[in-house]
Each structure stands twice: as C-alpha cells, then as structure tokens.
Amino acid sequence: MQTSIPKPKLLITLRTITTSATVSCNQRAASERGFLNLLQSCNTFSNLLQIQAQILKLGFQNSPLILTKFVSKASDLNSIEYAHCFLFSPHSNTHFYDAFLFNTIIKAYAQTANLKPKALWVFNFMLECRVLPNDFTYPVILKACAGIGDLNLGMSVHGSLLKFGLHRNDPVLNTLVHMYCSCKGGIVFGRKVFDEMTKNDSVPWSAMIGGYVRLGRSNDAVDLFRKMQTQGVCPDEITMVAVLCACTDLGALELGKWIESLIERERVNKSLELNNALIDMFAKCGDVDKALKLFRTMNERSIVSWTSVIVGLAMHGRGLQAVSLFQQMVRDGVAPDGVVFIGLLSACSHSGLVEKGKEYFDLMRKEFGLLPKIEHYGCMVDMLCRAGLVREAVEFVQKMPIEPNSIIWRTLINACRTHNELKLGESLARQLIRNEPMLEANYVLLSNIYAKMSHWEKKTKTREVMDTKGMRKIPGSTTIELNNKIYKFVAGDMYHNQYKEIFEMVDEMGREMKRAGYVPSTSEVMLDIDEEDKEDNLNRHSEKLAIAFALMNTPPGTPIRIVKNLRVCSDCHSATKFISKIYNREIIARDRSRFHHFKDGLCSCNDFW
DNA sequence: TTAGGGTTAG
C-alpha cells in the first residue's frame, strides 16, 4: 500500500505551490518596486501619511525594504519620531525587521540633535529582537555615542562590538576613534585604538587630529599632522580643515599660511568647508583682509562663510563693514540665522554701535522671524557694558523675558568693576556666588572688586574660600609664533632660556615708556603691596614678556603678533600703545574676545573692549 | 540597499 502513495500527485501539488509562490513573489517584487518609486517621490508630511495608509492597506507592514525607505523619507522630513511610533507600536510584527531597517532608524536618530539617545534605545531593541548587527550598524551607533559624549556608554558599545567580532573594518575603527575623542576623558582610549590600527588613509588621522582640536590640544594636533606627513599619508580636505582649526585656536598665522600653501601644492580639493575654515583662520589669526579677499573669490558661499567673515570683522573692530556685509548677505537672498546675528550684534558691541545694535536686535524678530535666545540677550548686555552704560544694562537684564544666565551676570559684574559701580558689583557677585558656589570665575570677580575697593581683608578672605574649595584662577598667558615655533609666556615666567635678557628688556621698555609719558595703572594690580612692587608686578605680565621677546628676536619694523588667553589688562593695553610708537612696531594682539591693532601709539579698538 | 574623519557663535 505504501508504494501507492500518490507521489506524482504530491509532486504536482508541490510544483503548483512553487509556481504560484513564484508568481506571487514576482508580483510582490513588482508591486514593491512600484511602491518604492511612489515613496521616492514623497516630499511632504501629508504625502508620508498617505503612504503610511497605503502600507497598511497593501500589507507592506511586513516588508522591511518598504519600511526602511519609509524611515529614511520620514528622516528627510524631520519626522523620524513619527516613523518610530508607527514601526514600534504594540501591533507591529517586529520579527520581520532586519539589520538594514534598524541601521536606518539608528542613523536617523544619530544625526538628529537632541534625539541621539533614542539611537541607543533602538540599538538595544534591535538586540532584544535578536537581530544581529552587521558591518554597517556600528559606525552609526558609535556616531550617536560621539554626539552624546558619554564615555561609559561608548565603552559599553565598544564591548558589544568586540563580542560580535565586528571590529576589523576601517569605518568601524575610525568611528571608534572619533567616538572616544568626542567623549569627556576618552581621548586616551581614542589614541590607543588609533595607535593599534593600521592607518592606510587619512580618515583615522583626521579623526584623531580633530579630537585634539576639540579638546583644545592644538599643539598635539599639529604634531600629529607632522607625523602623518612623515609617514607619507596624504592629507585630504577634511584633514586640512582640522589642522586649520588648530592654527586658528593657536592664532598661528605663519603655520596657517604654510597649510594654505600645502593645500595648493598637494592640490587638495577646496571644498566649501575648507574655504570656510581658511576664512576663519585668516580672520582669527589677524589677517582679516586676506579672509575678506578669499571670501570674495569664492564661487559658492554658505551662511557659515558669511558668518565667519562677519565675526572676523567684528573681532577686528570693523563694525560698520560687518553691518554692510550683513546687508549684502540679505540682499543676496541668504536667510540669516541665530548665529550670524550673534556675529552682527558682537560687531556692533566691539565698535560701540549701540543704536545700530538695538535696531538689529529688534529686526531679528520683526523682519526675520527669529526669536532672540539667551546668547543674543548676552550680546546686548555686553554691548551696553562695553559702552559704559552699566545702569541701562542692569535695567535691560531686569526686563528680559527669559532668565539671565551666569554669563550675563558675570558680564555685568565685570563692567561694574571697570566702570566703578563697585557697590552694585559686589552685591551682584555675592548673589552669583550664592547661586553658583562652585565656579572659580565668580570668586575671581568678587576678589577683583574688593581689590579695586582696597578692601584687602575681604579680598584675602575670598581667595581663602577659593583655596579651601580647591579652586585655582586660570593663569594669564601669552603665546607668540617665531621661526615655526610657538613660545608661551606666563606672568613672572622665569623658565624661559632668555628670561634674564627678557626681564632687562622689559625694564628698559618701562623706562622708555615713562619718558614718553606712560603712567603705570597700578590699580590693575590686585595685590596688597606697595606701589613700586605693583609696577614690578605689571612689568612681569605675560603680554609684556612676549613683546619684549619679540623686540629682541625680530628685525626692526617687523609686525609683532601675540595671542592672550584672557582679556588684555588695561595697563598692558595702554603700555602697548606706547611700545608701538617708541619702537616703531605694529603690534597685533588677539585676546579672548577680539583683536587690538596697535600702531603709532593708538589702538584700533578705540577702547571698546 | 545601509558605514568612517570637517567649517560659523556661545
């Protein structure tokens, strides 16, 4: 009987099933392709809703390909959270989902500000669904970790990538370096991954150099770039952007010019971003005219190009030119954003254009529909303070519709000290310390106010509080670039090879300046010591040491460029004016907020600083 | 049919 099993019948049945399945598969593939084309043309949120209804109607909720395209469209339309709700509702058949679909939604979250943690959620859910990550998963999830900047999170993802054995391809390792370099305290781990990997192209070098720059370790960034060159790895435009940022941070114009010549020599692709980085470098290293020239020759400009050049002009006190460039930008049809307004308002602030600044602050909302943020209010307070309108600044802060932040309070307090509103400054500083007791800058402000009031006991007590809390004032330092080297000076620096000669030079400068009418502003010295010692103290400020060093080591008539990490003190400011005239030198000084061009006894800032 | 490093302010 067994032999009578109707084998042929079964075969026929199987063949029938196979054929109909093939047909249905082909039909489905055809309709999937059609539907994908439909999705491709979707360009509004209401389109997306219609597509979603169609997905349900046609039963495509089980097609990972269609869902992936849906996610990527939703991401383009800033509606990734909407797609998320659709995909991960309790009724979804998530067992149809594949790695490609998960990678796409993780990527969408990773590239959206404020939603990066959701990328981690989706990644964990992917593992819960037992969908194995593939080569493409880790670069996107590591990028999300980099955006979040949490080292522990990054380390746990690193652990899982080792578990799945997906740590042997370049994009994964490159993003791993990038991730570690973007997390607080992670640069050592980034360097370890970097040192242990094979580095055939520029990408890991750019990631590591960029990491040093973000951390403010620009000297290390430049050293690594030099090492890259000795190892014969060809830099590309992204490496060049990172090194240019290091030059910008260091204020190293000669180094920046060398990079520019290297870009030309190596025929590096001059992308928009690279041109923007060059503009920024030239403007912030003191040659704003070169920045302007470059800007004018660019075929393609973005809002970043305009902002860089406007901010550059602002830093050099060329406020009117910055305003006119902003007007040209608007005429050219480029929509301003909040960042360019910060540049514009700071241009008004650095040039004393108070009325212009008020006008643009109003126009921001009325004409351009941009709601001023705390930074814009900060610019306005800074502008009023620089112009000496401290009382008006206080009124402005009282009327602000948003809560002032501690930066605004510190701007006000500093202005109170400069413009002799000492009682008001003291009360504001004490209030700020009550609200923010762990920030050293607040104690420094209060202590400086007490020094100006000659309340030495209170000043000492404030410094003691700082000591007991283990706080240290950031020491003022000045750097100068000479013969491809960067020299750093701190006040009273006695570690330099030439320190004896430098001190002698500073004393000689002091004598010459006094002969020309300079009076040391000993009120700037925040110490309870006699006047003569105060003069000595002023003469040992890092700016003066750096200028003395430059006068000794450069030919007569050469311009001197210095970079100060904090704001230049008023005594050094006045002394540098005298030095520029006596020694016939142009001195270009960058401080934390702007440039000062000293020439023939005058400064370009017109004392708005 | 998916992956790596970059520019403006604060």
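We use all heavy atoms of the structure for the numbers below, so side chains are in, but hydrogens, waters and symmetry mates are not. Values in this document were obtained by computation on a predicted structure and should not be read as measured data. Order of the sequence lines sets the chain letters (A, B, ...), proteins ahead of strands, with each chain counted from 1.
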Check: Using a cut-off of 4.0 Å on non-hydrogen atoms, how would the nucleic acid contact of A:S302 be classed: base, sugar-phosphate, or nothing?
Finding: nothing
Margin query: Students often get this wrong, so: under 4.0 angstrom with heavy atoms, is A:T104 touching a base, only sugar-phosphate, or nothing?
Written below: nothing
Item checked: Distance-only polar pair, side chains of A:S206 and A:T239, donor-acceptor under 3.5 Å -> yes
Next item on the list: Identify whether any heavy atom of A:V203 sits under 4.0 Å from a base atom; if not, whether one sits that close to sugar-phosphate; answer base, sugar-phosphate or nothing.
Entry: base
Item checked: Centroid-centroid distance, A:F86 to A:F70, less than 6.0 Å -> yes
Next item on the list: Please work out whether the ring planes of A:Y377 and A:F396 are parallel, tilted or perpendicular, with thresholds of 30° and 60°.
Entry: tilted
Margin query: So A:D201, base contact, sugar-phosphate only, or nothing? Heavy-atom distance under 4.0 Å.
Written below: base
Note to self: Just to be sure I understand the rule, does A:D280 reach a base, reach only the sugar-phosphate, or reach nothing, if contact means heavy atoms closer than 4.0 Å?
What the structure shows: sugar-phosphate
Margin query: Below 4.0 Å from chain A heavy atoms, what is the first contacting nucleotide of DNA chain B and what is the last?
Written below: B:dT1 to B:dG10
Margin query: So A:I310, base contact, sugar-phosphate only, or nothing? Heavy-atom distance under 4.0 Å.
Written below: nothing
Checklist line | Sugar-phosphate, base or nothing in reach of A:T239, heavy atoms under 4.0 Å | finding: base
Checklist line | For A:T112, all residues meeting side-chain hydrogen bond (donor to acceptor under 3.5 Å, both in side chains), sequence neighbours excluded | finding: none
Next item on the list: May I ask you to say what A:S271 touches in the nucleic acid, namely base, sugar-phosphate or nothing, with a heavy-atom cut-off under 4.0 Å?
Entry: base
Note to self: Tell me whether the rings of A:H84 and A:W121 are parallel (<30°), tilted (30 to 60°) or perpendicular (>60°).
What the structure shows: tilted
Next item on the list: Remember a base hit wins even if backbone is also touched, and classify A:K373 as base, sugar-phosphate or nothing at under 4.0 Å, heavy atoms.
Entry: nothing
Next item on the list: Name the nucleic acid region contacted by A:C379, choosing base, sugar-phosphate or nothing; use a 4.0 angstrom heavy-atom cut-off, strictly under.
Entry: nothing
Next item on the list: Mind checking A:K143 for me? I need base, sugar-phosphate or nothing, with any heavy atom below 4.0 Å counting as a touch.
Entry: sugar-phosphate
Next item on the list: Would you classify A:R214 as touching base, sugar-phosphate or nothing, given that sugar-phosphate means primed atoms plus P, OP1 and OP2, and contacts are heavy atoms under 4.0 Å?
Entry: sugar-phosphate
Notebook entry, point to check: Can you tell me if A:S160 and A:Y138 form a side-chain donor-acceptor pair at under 3.5 Å?
Noted result: yes
Note to self: Please verify the inter-ring angle class for A:F189 with A:Y180; under 30° counts as parallel, over 60° as perpendicular, anything in between as tilted.
What the structure shows: tilted
Check: So what does A:N169 hit on the nucleic acid, given a heavy-atom distance under 4.0 Å: a base, only sugar-phosphate, or nothing?
Finding: base
Next item on the list: Have a look at A:K284 and say if it touches a base, only the backbone sugar-phosphate, or nothing, with a 4.0 Å heavy-atom cut-off.
Entry: sugar-phosphate
